[in-house]
Undergrad: 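One structure follows; several queries about it will come next.
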Amino acid sequence: MEAARVAAERGHVVTLAEAESRLGGAIKLAMLAPTRANLGDITQWLEQEIYRLGVEVRRSTYLEAGEITGEGWDEVILATGSTPRMDGVQLSNPGEPIEGLEQPHVLSSHDLFAQSDRDFGEAAVVVDDTGHYEAVAAAEHLVTRGVAVTYVSRLAAFAPGVESALMTEPALERLSRGQFTHLARHRAIAIKAKEVVIGPTYLPSGSNQTHRVKADTVVLVSINRPNRDLMEPLKQAGVPVRLIGDASTPRHLVAAMREGHLAGAAV
Ligand SMILES: Cc1cc2nc3c(=O)[nH]c(=O)nc-3n(C[C@H](O)[C@H](O)[C@H](O)COP(=O)(O)OP(=O)(O)OC[C@H]3O[C@@H](n4cnc5c(N)ncnc54)[C@H](O)[C@@H]3O)c2cc1C
């Protein structure tokens, strides 16, 4: 939306295609977390602006490479986002993916927020492999529903990616109002029907220091896989194409906005 807005401001005829019925991408999920509703302010403003500027918005329109080449657009900006990997790989121990992922109570953060009416049970494990706000949001979403959360992270500190934004302490304060346990330098080893086997990152999975944590729900937050399948066929078809935001490298909103802005200014 930021790329479309800036390109339209500069006088281009712009079409924006969105696979879903509503604009906003992953922010539609992120804004459902406790205290995060105002994340939607920016997407709401962008949506108003692109309509005001006359961008042709095609909702519920998933574009394939062939459809894009058929349109004959002069330039294409791919802001197709990213998808949770759910392969159980944790960066601390990449050769030992978590076992038992295929069970219905194992969710991505996208599943968690998209299925808000679901019964998450009494206890949950959130596995944070990124150290950013996404896993914090998942934990808080569960804690505010009365679920006891064990937060398992390979990292030495809680959510270091948002420490500089001064978000860590307030989040911990809110989480401590419910049942919340943080285990640093830990990883999930195997997911069972009602519990998760966890252990320290610095010991092998077969060590005698593993233990079991009750979990009716397990949420995995790892670095996403970029959605960039359209890139290669478009390049091969000779279409000038730019890749931005999570589709380039999965990160966060500010990076996506910056790259959208630069792409809109560069066409
Ligand atoms: C639960 C959660 C919490 C988060 N919390 C934060 C946070 O607190 N702070 C922060 O900065 N970031 C947060 N993020 C990350 C942030 O939402 C993303 O980094 C950001 O939305 C990336 O923007 P994007 O435009 O690159 O991709 P997206 O927001 O993923 O948008 C991509 C869009 O492209 C559409 N699309 C894909 N393929 C096609 C196609 N072929 N045709 C048409 N449309 C297509 C998709 O439907 C989607 O709407 C969070 C993410 C999640 C899931």
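All ligand and atom numbering here is 1-based and tracks the order in the structure.
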Undergrad: Return yes if some donor-acceptor pair links the side-chain N/O of Arg154 with the main-chain N/O of Arg185 below 3.5 Å, else return no.
TA: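 Absent.
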
Undergrad: Look at ligand 1 and say whether Met1 reaches it with a heavy atom at a distance under 4.0 Å.
TA: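 No heavy atom of Met1 comes that close to ligand 1.
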
Undergrad: Output the list of atoms in ligand 1 that are nearer than 4.0 Å to some heavy atom of Thr80, sorted by atom number.
TA: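 Near Thr80, meaning under 4.0 Å from one of its heavy atoms, ligand 1 has 32 (C), 34 (O), 37 (C), 38 (N), 39 (C).
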
Undergrad: Check the pair Glu64 / Glu67 against side-chain contact (heavy atoms from CB on, under 4.5 Å), numbers first and verdict last.
TA: CA-CA 5 Å; Glu64 305 280 358; Glu67 293 168 305; 3.4 Å; yes

Undergrad: Tell me the contacting part of Tyr62 for ligand 1: side chain, backbone, both, or neither, using a 4.0 Å heavy-atom threshold, strictly below.
TA: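 Under 4.0 Å from ligand 1, Tyr62 contributes backbone and side-chain atoms.
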
Undergrad: Side chain or backbone, does Arg36 bring an N or O within less than 3.5 Å of an N or O on ligand 1?
TA: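 Right, the criterion is met.
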
Undergrad: Specify whether the nearest protein heavy atom to atom 53 (C) of ligand 1 is under 4.0 angstrom away.
TA: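 Protein heavy atom within 4.0 Å of atom 53 (C) of ligand 1: present.
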
Undergrad: Mark the output for Thr61 as yes if a heavy-atom distance to ligand 1 is under 4.0 Å, and as no if none is.
TA: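 Heavy atoms of Thr61 do come under 4.0 Å of ligand 1.
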
Undergrad: Taking NZ, NE, NH1 and NH2 as the nitrogens, is one of them in Arg242 or Glu75 under 4.0 Å from a carboxylate oxygen of the other?
TA: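 Result for this pair is yes, salt bridge flagged.
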
Undergrad: Measuring from non-hydrogen atoms of Leu230 to any atom of ligand 1, is the shortest distance under 4.0 Å?
TA: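 For ligand 1, residue contact (heavy atoms, under 4.0 Å) with Leu230 is present.
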
Undergrad: Would you indicate which of Ala255, Ala30, Ala135 comes nearest to atom 4 (C) of ligand 1 when only heavy atoms are counted?
TA: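 Residue with the shortest heavy-atom distance to the ligand atom: Ala30.
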
Undergrad: Measure the distances from the heavy atoms of Asn227 to every atom of ligand 1 and state whether one is below 4.0 angstrom.
TA: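 So Asn227 does not count as touching ligand 1.
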
Undergrad: Can you confirm whether the side chains of Thr80 and Asn227 place a donor and an acceptor under 3.5 Å from each other?
TA: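 Asn227 and Thr80 do not have a side-chain donor-acceptor pair below 3.5 Å.
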
Undergrad: Closest by any non-hydrogen atom to atom 22 (C) of ligand 1: pick that one out of Leu253, Asp246, Leu32.
TA: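 Checking each option, the heavy atom nearest atom 22 (C) of ligand 1 is found in Asp246.
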
Undergrad: I need the atoms of ligand 1 closer than 4.0 Å to a non-hydrogen atom of Ser109, numbered in the order shown.
TA: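 By the 4.0 Å cutoff, the relevant atoms are 1 (C), 53 (C).
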
Undergrad: If you measure from atom 35 (C) of ligand 1 to every heavy atom of Arg59, Glu2, Glu18, which option wins on shortest distance?
TA: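 Nearest option to atom 35 (C) of ligand 1, by heavy atoms: Glu18.
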
